[in-house]
Protein chains: 2
Amino acid sequence: MDNIGVNALRRVDLARATGCNLETIRYYETVGIMPDPPRTPKGYRSYDDTHVRRLKFVMRSRDLGFSLEEIRGLLGLVDDRTQTCAQVQTVAEAHLEDVKAKIADLERIERVLSETVARCTGDAAPECAVIDALLGA
Amino acid sequence: MDNIGVNALRRVDLARATGCNLETIRYYETVGIMPDPPRTPKGYRSYDDTHVRRLKFVMRSRDLGFSLEEIRGLLGLVDDRTQTCAQVQTVAEAHLEDVKAKIADLERIERVLSETVARCTGDAAPECAVIDALLGA
DNA sequence: CTAATGTCTGTAGTTGATACAGGCTCAAGG
DNA sequence: CCTTGAGCCTGTATCAACTACAGACATTAG
């Protein structure tokens, strides 16, 4: 038994506790989103509750579409809580604008696409409204 | 004068005619989206109208969010026009479903994000609704 | 004891480009 | 004729955000 702490988690345990992919955990460590965890004498990573909480935070943020760069910023604000709320609000609002812009883009695409598809005869002919539209006809 | 055809275009001409980035043209050739163009005796790429049309097709398709893989498929249908319309319709409809799903995802994100931001006090306090939400509080 | 499961590292592949380095070529102006 | 600037060539590196694999070692359950 190399584990030192009572609640020590292996990599696979952290993955299961969070639903995060195994390799992604290591990736987050190399890019500095997650800290380098303590190691057992044999070099195995040893996690605890703080890692679970942090990784869940990261995953929730990713789920909301924050980039790792943005998450790095949010984590910095969490780690060093001074003037937090106003700053977080700024980041989140900027991200919200991004999301709205993406929705607008996709809605334009949806409109063009469904209009074009609607003009399809759908039969086995070589004429096709979609192709014509893409060809600029 | 190495140019052979009257309407021969250089790489920069094709880029300007289509609005496509210079390097992207070469990229599309290496991945097989655009054909390897004929070369002048000195090895310079020599394009013509067919390349302009094909590249514009690709760019319109990208603009509508088709992946290069999907575009490869569409181009194949354009190049070999048999039973085209039904097949194109299938590809376009599948893509449309993708787009709708992405919109739904982003709208969920938008909802969560704006609800959360609305709970922000926005002041210089260390308590923050966004952080609390991300922490799962 | 053995088989299954897990861990470690480094590295490559994914998508869709974009950028740069180092060297060659070409056309126009002086 | 020479220079300058624009353009061309190739190969390779970079970006985000992962994911996967190879090859070797460790641990655990039956």
Side-chain angles (χ1 to χ4, degrees), chain A residues 1-5 8-34 36-47 51 55 57-75 95 98-99 102 105 109, chain B residues 1-4 8-34 36-47 51 55 57-75 95 98 102 105 109:
Chain A
M1 179 73 104
D2 266 336
N3 282 347
I4 280 146
L9 302 167
R10 294 168 305 167
R11 197 146 66 104
V12 76
D13 299 323
L14 179 57
R16 278 171 197 157
T18 56
C20 184
N21 179 291
L22 206 58
E23 300 280 25
T24 304
I25 295 171
R26 191 161 62 102
Y27 171 71
Y28 284 160
E29 287 165 10
T30 67
V31 299
I33 288 284
M34 292 292 289
D36 283 347
R39 303 286 183 125
T40 68
K42 286 287 178 195
Y44 283 29
R45 288 168 179 81
S46 185
Y47 300 101
H51 297 100
L55 185 51
F57 179 95
V58 172
M59 293 177 72
R60 271 192 208 98
S61 305
R62 287 292 298 140
D63 192 47
L64 288 180
F66 286 96
S67 70
L68 290 186
E69 201 47 48
E70 287 169 325
I71 293 171
R72 233 185 293 271
L74 291 174
L75 285 168
H95 181 56
D98 265 22
V99 170
K102 272 181 198 146
D105 271 7
I109 289 170
Chain B
M1 177 73 106
D2 266 337
N3 282 347
I4 282 147
L9 303 168
R10 294 166 304 167
R11 197 146 66 104
V12 74
D13 298 323
L14 179 58
R16 280 172 195 156
T18 56
C20 184
N21 178 292
L22 207 56
E23 300 279 26
T24 304
I25 295 170
R26 191 160 63 101
Y27 172 71
Y28 284 161
E29 287 164 13
T30 68
V31 299
I33 288 284
M34 290 292 288
D36 282 347
R39 303 287 182 124
T40 68
K42 285 289 177 195
Y44 283 29
R45 288 168 178 82
S46 183
Y47 300 101
H51 297 99
L55 185 50
F57 179 97
V58 172
M59 293 177 73
R60 272 192 208 98
S61 305
R62 287 293 299 139
D63 193 48
L64 288 180
F66 286 97
S67 70
L68 290 186
E69 201 46 49
E70 288 169 323
I71 293 172
R72 236 185 292 272
L74 291 174
L75 285 168
H95 181 56
D98 265 24
K102 272 182 198 145
D105 271 9
I109 289 170

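We name chains A, B, ... by the order of the sequence lines, and we start the count at 1 in each one.
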- Rounded distance (Å) that lies between atom P of D:dC8 and atom CG of B:D36: 17 Å
- Message: Expressed as a whole number of angstroms, how long is the span from B:E23:CD to D:dG7:P?
- Response: 14 Å
- Note on the structure: From CG of A:L68 across to C1' of D:dC18 the rounded distance in Å is 9 Å
- Item | Heavy-atom closest contact (B:E70 atom, B:F66 atom, distance) | OE1-CA, 3.2 Å
- Item | Verdict with supporting geometry, B:D63 and B:M59, side chain to side chain contact (heavy atoms under 4.5 Å, CB included) | CA-CA 6 Å; B:D63 193 48; B:M59 293 177 73; over 6 Å; no
- Taking only the side-chain nitrogens and oxygens of B:R11, find out if one of them lies under 4.0 Å from OP1 or OP2 of D:dC9. yes
- Message: Check B:R26 with B:E23, please: is the shortest side-chain N to carboxylate O separation under 4.0 Å?
- Response: yes
- Under 4.0 Å between a side-chain N/O of B:T24 and OP1 or OP2 of C:dT18, yes or no? yes
- Message: Looking at B:R16, I'd like to know whether one of its side-chain N or O atoms comes within less than 4.0 Å of OP1 or OP2 on D:dA6.
- Response: no
- Give the rounded distance in Å between these two atoms: CD1 of A:I25 and C1' of D:dA17. 15 Å
- Task: Please determine if a side-chain N or O atom of B:R39 lies less than 4.0 Å away from the OP1 or OP2 oxygen of D:dT10.
- Result: yes
- Has A:R45 got a side-chain N or O lying under 4.0 Å from the OP1 or OP2 atom of C:dT9? yes
- D:dC8, D:dC18, C:dA17: which one has an atom nearest the side-chain heavy atoms of B:Y28? C:dA17
- Is the distance from OP1 or OP2 of C:dT15 to the nearest side-chain N or O of B:R72 less than 4.0 Å? no
- Message: Counting distance alone, no hydrogens or angles: does the base of D:dG11 have a donor or acceptor under 3.5 Å from a partner atom on the side chain of B:R26?
- Response: yes
